[in-house]
K.L.:
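Can you read through this structure? Questions will come right after.
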Amino acid sequence: SNLLLCDAGDTGQGARTWIKQILNQDMTFQHIKVIYPTAPARPYTPMKGALSTVWFDRYKISNDCPEHTETIDSMCHGLTDLINDEIKSGITKNRILVGGFSMGGGMAMHLAYRFHRDVAGVFALSSFLNKESAVYQALNSLEGDLPELFQCHGTADDLVLYSWGEETNKMLKSLGVPTSFHTFPNLYHELARAEIEKLKTWIMKKLPIEVEKTN
């Protein structure tokens, strides 16, 4: 059995509904279990400390400041527990994909490239890593295969700039991550149907239906 972990920067139910609206159907696969975890409510500095369901805090929404490693790391531990629960139920690590939109994609990159390098793959939609990211530091001292990254970004994104996404992809590629980067002209900080369809195709490639072997 297979698992797809989708972290979109709000509630898991909200993420699921959003994808359903775009596709006019649930993102389902007969052979893959899809989990949409919900981020905890925490004080969020870019919103003047107001409580927000975010995966981690940021000093500001920029790729040019330090990462809030304390909140990122505590969330990685929480999501690791979730992954371990699924492994206990019989799913093997190389049949698990992690990914998300915006902050969720950033979270997935931290989770996979720092703590779970044996997952099947990672996707990041409209996401970025800060210039001095702990992910880059972790990859600097590394041997062995890394999970493939599927990244998408809209050129009109005015919250997470297209250039930040592009720079993240180039940096990860230079550190040995097998990557693909898909550009969506005139797309803002949002999901598009063509993007989700492309993602679904990639998911099926990474987690194909296992054909029963007959003697």
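Predicted model, so just to flag it, every value in this text is computed and none were measured.
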K.L.:
Can you check whether Leu51 reaches Pro43 side chain to side chain, under 4.5 Å on heavy atoms?
P.N.:
yes

K.L.:
What is the minimum heavy-atom distance between Ala138 and Tyr113, and which atoms define it?
P.N.:
CB-O, 4.3 Å

K.L.:
If you measure from the Lys or Arg side-chain nitrogens to the Asp or Glu carboxylate oxygens, is any gap between Asp73 and Arg114 under 4.0 Å?
P.N.:
yes

K.L.:
What is the minimum heavy-atom distance between Leu139 and Arg117, and which atoms define it?
P.N.:
CD2-NE, 4.3 Å

K.L.:
So does Val54 get a backbone contact from the side chain of Ser52, meaning a donor-acceptor N/O pair under 3.5 Å?
P.N.:
no

K.L.:
Within the structure provided, determine whether Ser127 and Met109 are in side-chain contact (heavy-atom separation under 4.5 Å).
P.N.:
yes

K.L.:
Asp64 and Asn130: side chain to side chain contact (heavy atoms under 4.5 Å, CB included), yes or no, with the steps?
P.N.:
CA-CA 6 Å; Asp64 219 359; Asn130 295 32; over 6 Å; no

K.L.:
In the single-linkage hydrophobic clustering (I, L, V, M, F, W, Y; side-chain heavy atoms under 4.5 Å), do Leu187 and Ile196 co-cluster?
P.N.:
no

K.L.:
For the atom pair CG (Leu97) and NZ (Lys206), what is the distance rounded to the nearest 0.5 Å?
P.N.:
8.0 Å

K.L.:
How many angstroms lie between atom CG of Asn84 and atom CD1 of Ile91, to the nearest 0.5 angstrom?
P.N.:
12.0 Å

K.L.:
Less than 4.5 Å apart, side chain to side chain, heavy atoms only: is that true for His189 and Phe101?
P.N.:
yes

K.L.:
Which atom names give the shortest non-hydrogen contact between Asn63 and Trp164, and what distance separates them?
P.N.:
ND2-CD1, 3.4 Å

K.L.:
Check each of Arg58, Lys131, His110 against Glu67 using the side-chain hydrogen bond (donor to acceptor under 3.5 Å, both in side chains) test, and report the only one that passes.
P.N.:
His110

K.L.:
Report yes if some heavy atom in the side chain of Lys93 is under 4.5 Å from a heavy atom in the side chain of Ile83; otherwise report no.
P.N.:
yes

K.L.:
Are Met171 and Val135 packed together at the side-chain level, in the sense that at least one heavy-atom pair is separated by less than 4.5 angstrom?
P.N.:
no

K.L.:
Calculate, to the nearest 0.5 Å, the distance between atoms CZ and CZ belonging to Phe56 and Arg42 respectively.
P.N.:
9.5 Å

K.L.:
Would you say the side-chain atoms of Thr92 and Asn94 include a donor-acceptor pair closer than 3.5 Å?
P.N.:
yes

K.L.:
Give a yes or no on whether the backbone of Leu129 and the side-chain of Thr168 come within a donor-acceptor separation of less than 3.5 Å.
P.N.:
yes

K.L.:
Would you give the length of the straight line joining atom CD of Glu70 to atom CG of Asp57, rounded to the nearest 0.5 angstrom?
P.N.:
9.5 Å

K.L.:
Show, in sequence, the C-alpha distance, side-chain angles and deciding distance for Glu86 and Ile35, and conclude whether the side chain to side chain contact (heavy atoms under 4.5 Å, CB included) test is met.
P.N.:
CA-CA 10 Å; Glu86 295 303 323; Ile35 295 182; 3.4 Å; yes

K.L.:
Assert yes or no for the condition that the ring centre distance of His182 to Phe150 is strictly below 6.0 Å.
P.N.:
yes

K.L.:
Only one of Leu146, Leu172, Leu149 forms a side-chain contact (heavy atoms from CB on, under 4.5 Å) with Val122, so which one is it?
P.N.:
Leu149

K.L.:
Would His153 and Thr155 count as having a side-chain donor-acceptor pair, cut-off 3.5 Å?
P.N.:
no

K.L.:
Minimum heavy-atom separation for Gly99 and Ala108, please, with both atom names.
P.N.:
CA-CB, 3.5 Å

K.L.:
Can you establish whether the number of heavy atoms outside Asn140 located under 6.0 Å from its atom CG is more than 12?
P.N.:
yes

K.L.:
Would you sort out whether Phe115 and Leu79 count as a side chain to side chain contact (heavy atoms under 4.5 Å, CB included), showing the intermediate values?
P.N.:
CA-CA 10 Å; Phe115 301 101; Leu79 290 166; over 6 Å; no

K.L.:
Find out whether Lys60 and Pro46 are in side-chain contact, i.e. whether some heavy atom of one side chain is under 4.5 Å from a heavy atom of the other.
P.N.:
no

K.L.:
So Lys205 and Lys200, side chain to side chain contact (heavy atoms under 4.5 Å, CB included) or not? Walk me through it.
P.N.:
CA-CA 9 Å; Lys205 194 182 89 200; Lys200 281 184 79 171; over 6 Å; no

K.L.:
Quick check on the hydrophobic clustering: are Met103 and Tyr59 connected, directly or via other members, by side-chain heavy-atom contacts under 4.5 Å?
P.N.:
no

K.L.:
Is it true that atom CD of Gln137 has more than 12 heavy atoms of other residues, nucleotides or ligands lying nearer than 6.0 Å?
P.N.:
yes

K.L.:
In Å and rounded to the nearest 0.5 Å, what is the CZ to SG distance from Phe123 to Cys152?
P.N.:
9.5 Å

K.L.:
What heavy-atom pair brings Met107 and Ile72 nearest, and what distance separates the two atoms?
P.N.:
CE-O, 3.6 Å

K.L.:
Using side-chain heavy atoms (C-beta onward) and a distance below 4.5 Å, is Ile96 in contact with Val98?
P.N.:
yes

K.L.:
Are the side chain of Ser102 and the backbone of Gly104 linked by a donor-acceptor contact shorter than 3.5 Å?
P.N.:
no

K.L.:
Would a distance-only check, ignoring hydrogens and angles, find a side-chain to backbone donor-acceptor pair under 3.5 Å from Asp157 to Val160?
P.N.:
yes

K.L.:
Is any side-chain heavy atom of Glu195 less than 4.5 Å from a side-chain heavy atom of Glu190?
P.N.:
no

K.L.:
Measure the CG-OG distance between Leu191 and Ser126 for me, rounded to the nearest 0.5 Å.
P.N.:
6.5 Å

K.L.:
With ring pair (Phe, Tyr, Trp, His ring centres under 6.0 Å) as the test, pick out the partner of Tyr162 among Tyr188, Phe184, Phe128, Phe181.
P.N.:
Phe181

K.L.:
Answer with yes or no whether the side chains of Gln151 and Asn169 bring together a donor and an acceptor at under 3.5 Å.
P.N.:
yes

K.L.:
Scan side-chain atoms only and decide if Thr71 and His68 contain a donor-acceptor pair under the 3.5 Å cut-off.
P.N.:
yes

